[in-house]
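The figures here come from the full heavy-atom set of this structure, side chains too, leaving out hydrogens, waters and symmetry mates. By convention in this document, chain letters (A, B, ...) are assigned in the order of the sequence lines, proteins followed by strands, and residues within each chain are numbered from 1.
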Amino acid sequence: MIRSTFVHAPWVGYPTESRLWREGVRTWDDFLERNPRLRVGTDRRRAIQQEVERSRSRLKAGDYRYFARRLKPRDQWRAIGEWGDRAMFLDIETTGLRRNRHHVTVIGLNDGKRTRQFIEGVDLDEFPAAISKAPMVVTFNGSRFDLPFLQGWWPQLRFEQIHADLLYPLHALGLSGGLKEIETTLGVERTEETRNIRGYDAVKLWRRFERGDEDALDLLLEYNRQDVENLVPLMHHAYRNLRARILGARPPATG
DNA sequence: CAGAGGATCCTCTTGTTCAG
DNA sequence: CTGAACAAGAGGATCCTCTG
């Protein structure tokens, strides 16, 4: 899907990209071979072509940082096909919504197979090293919450990986609402104990733990584990369906 | 060649939506 | 309960295509 992306080139917006797809220009290779008609002059065409060539070579070199910088947050999910199998799924719990006033309590990180959890006062500082080698981070609404919050917590931390925020592709598929609502729609299950817990309850569970209730921490960790592990099937659903919708669509029949 | 009309880029503003 | 990014829409700019 990243090989079909043109909107990161200058003077290419979503209408132009859609037109290219409709005309059968589905990949960078198609573009360079067929040199399709564009409603731009020679200078701009040259700039677009250079971006396509550069993208092709950056992908061949495995340079995920290039695409992390180049693609808008809402388009980064398109790289799931290339880096999704080495992605880290991420979800955080905090003491509230304001990153100046509140702080991180738990970070859940799943590598596609196993979940590791970092706890404030125990091993939270090991998180930056654990995420640093991943080419891709997957979240739900992480563009607006998780990543900025972590950035405020560790000002020196730089997220250089591609960030697939599943909120945008899922909404594009018509699945609106928050994570829990979308899970219900898609039939993604939760365990009995965590089924009725929501975001603000995580705040209260941490407070209970601070007052000495160890069971509250266990429940908070179980809730966080569910949140982060449910991102895995959501990612596959989002990518498979949106890719099919965009590239599987046949051009209009002639005649 | 010059001018009109059309397409679509970029930028700015406003309202909505999620996260704990 | 806050803050950030998107969507949608308007305005300005650029550059293509079509005519005569």
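Residue contacts shown for A:Gly177 are limited to sugar-phosphate atoms, with no base heavy atom under 4.0 Å away. Within 4.0 Å (heavy atoms only), A:Tyr168 reaches sugar-phosphate atoms of the nucleic acid but no base atom.
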Each nucleotide in nucleotides 6-11 of chain B should get exactly one letter: B, S or -. Can you fill that in based on protein heavy atoms under 4.0 Å? -SSSS-
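Contact check on A:Lys204 versus A:Asp201 returns a salt bridge, with a Lys/Arg side-chain nitrogen under 4.0 Å from an Asp/Glu carboxylate oxygen. Salt bridge status for A:Arg78 with A:Glu17: present, with a side-chain N to carboxylate O gap under 4.0 Å. Ion pairing between A:Asp29 and A:Arg56 holds under the 4.0 Å rule for side-chain N and carboxylate O. Here A:Arg190 pairs with A:Asp227 in a salt bridge; the nearest charged N to carboxylate O distance falls below 4.0 Å.
A donor-acceptor contact closer than 3.5 angstrom is absent between the side chains of A:Ser57 and A:Glu53. Judged purely by distance below 3.5 Å, without hydrogens or angles, the side chains of A:Thr94 and A:His103 never pair a donor atom with an acceptor atom. The closest side-chain donor-acceptor pair between A:Asn35 and A:Arg45 falls under 3.5 angstrom.
Checking C:dA5, B:dT17, B:dG20 against every side-chain atom of A:His171, the shortest atom distance belongs to B:dT17. Closest to the side chain of A:Phe140, from the set B:dA19, B:dG20, C:dC6, is B:dA19.
A:His237 pairs in a side chain to side chain contact (heavy atoms under 4.5 Å, CB included) with only one of the listed residues (A:Ile182, A:Leu173, A:Val188), which is A:Leu173.
For the pair A:Glu93 (side chain) and A:Thr105 (backbone), a donor-acceptor distance under 3.5 Å is absent. Formation of a donor-acceptor pair under 3.5 Å by the A:Asp165 side chain with backbone atoms of A:Ser143 is found in this model.
Between A:Leu179 atom CG and B:dG20 atom P the separation is 8 Å, expressed in whole Å. If you measure from atom CH2 of A:Trp153 to atom P of C:dG3, you get 18 Å, rounded to the nearest angstrom. We find that CD of A:Glu181 is positioned 8 Å from P of B:dC18, with the value rounded to whole Å. One can place NZ of A:Lys204 at 17 Å from P of C:dC1, the figure rounded to the nearest angstrom. Whole-Å rounding puts the A:Ile107 CD1 to B:dG20 P distance at 13 Å. For the pair A:Asp201 CG and B:dA19 P, the computed distance is 13 Å after rounding to whole Å. In this structure, CD1 of A:Ile197 is placed 15 Å from P of B:dA19, rounded to the nearest angstrom. One atom, CG of A:Leu175, and another, P of B:dC18, lie 11 Å apart when rounded to the nearest Å.
Contacts between residues 208-235 of chain A and DNA chain B, defined by a heavy-atom separation below 4.0 Å, involve A:Asp227, listed by number. Using a 4.0 Å cutoff on non-hydrogen atoms, the parts of residues 97-104 of chain A near DNA chain C are A:Leu97, A:Arg98, A:Arg99, ordered by number.
Between A:Trp83 and A:Phe67, the angle of the ring planes lies from 30° to 60°, which puts this pair in the tilted group. Classified by interplanar angle (parallel below 30°, tilted 30° to 60°, perpendicular above 60°), the ring pair A:Phe31/A:Phe6 is tilted.
Mapping A:Asn141 and A:Arg74 onto DNA chain C by nearest heavy atom places A:Asn141 closer to the 5' end of the strand.
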